[in-house]
Visitor: 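Quick one: this structure, given as structure tokens, is what I'll be asking you about.
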Amino acid sequence: MLDIQLLRTDLANVAGLLAKRGHTFPIAEFNTLEAKRKLLQTRTQELQARRNDTSRRIGNAKGRGEDIAPILAEITNLGDELKQVEVQLELTQTALRQILLRTPNLPHDSVPEGNSEADNREVRRWGTPRTFNFAMRDHVSIGESLGLLDFQTAAKLSGARFSLMKGQLARLHRALSQFMLDTHTGEHGYTEAYVPYLANAESLVGTGQLPKFKEDLFETRRPGFKMTERLLPNEDSQRGSLSGESLFEHDYLYLIPTAEVPLTNTVRDQIIASELLPIRLTAHTPCFRSEAGSYGRDTRGMIRQHQFEKVELVQIVHPQRSYDTLEELTGHAENILQKLELPYRVMALCTADMGFSAAKTYDIEVWLPAQNAYREISSCSNCEAFQARRMQARFRNEKGKPELLHTLNGSGLAVGRTLVAILENFQNTDGSVSIPKVLQQYMAGLDRLTMQDKK
RNA sequence: GGAGAGAUGGCCGAGUGGUCGAAGGCGCUCCCCUGCUAAGGGAGUAUAGGCUCAAAAAGCUUAUCGAGGGUUCGAAUCCCUCUCUCUCCGCCA
């Protein structure tokens, strides 16, 4: 969420920055609502002040045993008007809030301007893509012919965009996440966390997935929730809530699309002591994405799944440190690829290609031989105070005053895509796949995946 | 699933309709006292927002006692709904 003060004082400039990332800010609507808000809020507070004053006087008069009827007469219609104005104010503020909640972050000065992913800027490259002197295959072909990867059965169980792994491949998948966690906790100073995989709406609003990207999420309904009963008219007096939040939102939970959601929200509604900063958290979780709107893209293989695993990195830091931290965090993710000996490049995303909450993002793209391309395997973002403002996540600054934190997150890495990269980059002419050295200790010393016994 | 008890400021804890953003204590900050330490004395110490203002400072003001709604001139206090925590029983990985 952007600072509403900034919108009030510098709207044209803000709208210009948002336009760079393809977002059209509703300037006229905002100005109208804001003018209305100011009027209504002033009036509401006037009436509230009068009510408070009158009530105080009634209290005093009663204490002295005086007649309160004349004082009561002064405010005969005050209650009704106050109620009306309060309702209007609440509606106006809800409308403003809805605009704010759906407005993306402002891009940092250093973010390249662009209209599409083609305008992303390559920052650096590591490793050299291997050349094959045999008929190189993609991960689906490799995994299936080894008898370790089975999309047909996965489709029977759940549908498209799910996968089933078995045997040493399933183990390699597990080994990857263990290796990543061990590296981040052992070498990069992160604290491992085990987190809920179902999160409430408030958490998803905090990190920015809601309200705008609801269709990307898998939504679950809590057992015992009875929509028909609850929506019967005249059921209770809560109807007509003015808060703008759904009355029933606590009856829904969402499967997390990334561990960024639970990890970042750990500091929601908190004022952190500055000596506890920076907070570095990592977690290995499944991630669930509906992939609405990506029909037909990456339909083959494990690249784009409804369910995949990821080791996530989250840092919660002092605002002055957040851009240094972004470089460090990106380096932590790169370190995994280097240890795995997988070639990659780092891209600075352009204004048009960044995610909703990010002020600046580096994508790390791993080399996939079968696609003859670098593909995203990690996305590292500095959200500055954007999420912190939504979450009311603050720390006590040098003056002892609460100030919004900066939040960062990045994949370290997407496990499924890393597995794909290993299968393709480490394939051998006989159909086996070599296991990167750093993973062998997690595989009881096994150094290659081979044809399963077919008996 | 059954029965019960709770939720108040950084922490503990008082407060069952009025002048309460909230006693008291602890903690913390500053000052005084003390050779040092300890003890003692005094002052201060929530958050968000609005208006005035070019801005800062300041002033005025509103909201917040788990959340939302209601009753009332007035709600931490009364009523309703929900959430969460705890205890006992049952069930369960």
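For clarity, every value in this text was computed on a predicted model and none was experimentally measured. In what follows, chains carry the letters A, B, and so on, assigned in the order in which the sequence lines appear, proteins first and then strands, with residues in each chain numbered from 1.
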Visitor: Here's a test of your reading of the structure: between A:Thr54 and A:Gly63, which maps to the more 5' nucleotide of RNA chain B?
Guide: A:Gly63

Visitor: Taking atom C1' of B:C51 as reference, at what distance in whole Å does atom CG of A:Leu39 sit?
Guide: 12 Å

Visitor: Considering Watson-Crick and G-U wobble pairs with both distances under 3.5 Å, what does B:U83 pair with?
Guide: B:A7

Visitor: Using only side-chain N and O atoms of A:Gln5, determine if any of them is under 4.0 Å from OP1 or OP2 of B:G50.
Guide: yes

Visitor: What distance do A:Thr103 atom OG1 and A:Gln98 atom CD have between them, rounded to the nearest 0.5 Å?
Guide: 10.5 Å

Visitor: Name the closest nucleotide to the A:Ala49 side chain, picking from B:U47, B:U61, B:C51.
Guide: B:U61

Visitor: Base, sugar-phosphate, or nothing for A:Arg389, non-hydrogen atoms under 4.0 angstrom?
Guide: nothing

Visitor: Tell me the interatomic distance from A:Glu46, atom CD, to B:C60, atom P, rounded to whole angstroms.
Guide: 17 Å

Visitor: Checking all strands, does A:Ile75 fall into the base, sugar-phosphate, or nothing category for heavy-atom contacts under 4.0 angstrom?
Guide: sugar-phosphate

Visitor: Rounded to the nearest Å, what distance is computed from the CG atom of residue A:Leu82 to the C1' atom of nucleotide B:A63?
Guide: 12 Å

Visitor: Could you tell me how far B:G2 sits from B:C11 if I compare only their P atoms? Round to whole Å.
Guide: 33 Å

Visitor: Please state the C1' separation for the pair B:A63 and B:G90 - nearest whole angstrom.
Guide: 45 Å

Visitor: Which listed nucleotide (B:U19, B:A63, B:C73) is nearest to the side chain of A:Arg56?
Guide: B:U19

Visitor: It should be established whether A:Lys38 places a side-chain nitrogen or oxygen under 4.0 Å from OP1 or OP2 of nucleotide B:C51.
Guide: yes

Visitor: When you check the side-chain N and O atoms of A:Glu291 and A:Ser294, is any donor under 3.5 Å from an acceptor?
Guide: yes

Visitor: From C-beta outward on A:Asn60, which listed nucleotide comes closest to its side chain: B:U19, B:C73, B:G50?
Guide: B:U19

Visitor: So what does A:Arg57 hit on the nucleic acid, given a heavy-atom distance under 4.0 Å: a base, only sugar-phosphate, or nothing?
Guide: nothing

Visitor: So that I can tick it off, tell me whether A:Glu192 and A:Arg280 are bridged by a salt bridge, with the cut-off set at under 4.0 angstrom between side-chain N and carboxylate O.
Guide: no

Visitor: Measure the OG-CG distance between A:Ser381 and A:Leu408 for me, rounded to the nearest 0.5 Å.
Guide: 8.5 Å

Visitor: Please give the nucleotide sitting opposite B:A38 as a Watson-Crick or G-U wobble pair, both distances under 3.5 Å, or none.
Guide: none

Visitor: Under 6.0 Å between ring centres: does that hold for A:Phe30 and A:Phe25?
Guide: yes

Visitor: Output yes when at least one side-chain N/O atom of A:Arg43 is less than 4.0 Å from OP1 or OP2 of B:U62, else no.
Guide: no

Visitor: Send over the distance from A:Ile68 CD1 to B:U19 C1', rounded to a whole Å.
Guide: 15 Å

Visitor: Check the distance between B:C53's P and A:Arg8's CZ and give it to me in whole angstrom.
Guide: 16 Å

Visitor: In whole angstroms, how far is the P atom of B:U45 from the NZ atom of A:Lys401?
Guide: 10 Å

Visitor: Pick the P atom in B:U85 and in B:C79, then give their distance to the nearest Å.
Guide: 24 Å

Visitor: Is the base of B:G49 touched by the side chain of A:Gln45 through a donor-acceptor pair closer than 3.5 angstrom?
Guide: yes

Visitor: Pairing check on B:A93: which nucleotide meets the Watson-Crick or G-U wobble criteria with it, both distances under 3.5 Å?
Guide: none

Visitor: For atom P, what is the distance between B:U8 and B:G66, given to the nearest Å?
Guide: 6 Å

Visitor: Rounded to whole Å, how long is the line connecting atom CG of A:Leu40 with atom P of B:U62?
Guide: 18 Å

Visitor: Would you mind pulling out the nucleotide paired to B:U47, Watson-Crick or G-U wobble, both distances under 3.5 Å?
Guide: B:A63

Visitor: Does A:Lys83 put a side-chain nitrogen or oxygen below 4.0 Å from OP1 or OP2 of B:G70?
Guide: yes

Visitor: Taking only the P atom of each, what is the distance from B:A67 to B:U77 in whole angstrom?
Guide: 11 Å

Visitor: Pick out the pairs of N or O atoms, protein on one side and nucleotides 74-78 of chain B on the other, that lie under 3.5 Å.
Guide:
| residue | atom | partner | partner atom | Å |
| --- | --- | --- | --- | --- |
| B:G74 | O4' | A:Ser55 | OG | 2.8 |

Visitor: Could you work out which one of B:A48, B:U19, B:G49 sits closest to the side chain of A:Pro402?
Guide: B:A48

Visitor: Quick check, are the ring centers of A:Phe162 and A:Phe151 under 6.0 angstrom apart?
Guide: no

Visitor: Check this for me, if you would: do A:Arg50 and A:Glu81 make a salt bridge, where the nitrogen-to-carboxylate-oxygen distance has to be below 4.0 angstrom?
Guide: no

Visitor: Write down the distance separating the P atoms in B:G10 and B:G6, rounded off to the nearest Å.
Guide: 24 Å

Visitor: When you get a sec, tell me which of B:G50, B:G18, B:A46 is the closest nucleotide to the side chain of A:Arg396?
Guide: B:A46

Visitor: Do A:Asp10 and A:Asn13 pair up side chain to side chain, a donor and an acceptor below 3.5 Å, judged on atom types alone?
Guide: yes

Visitor: Given 3.5 Å as the limit, does a donor-acceptor pair link the side chain of A:Arg390 with the main chain of A:Val205, or not?
Guide: yes

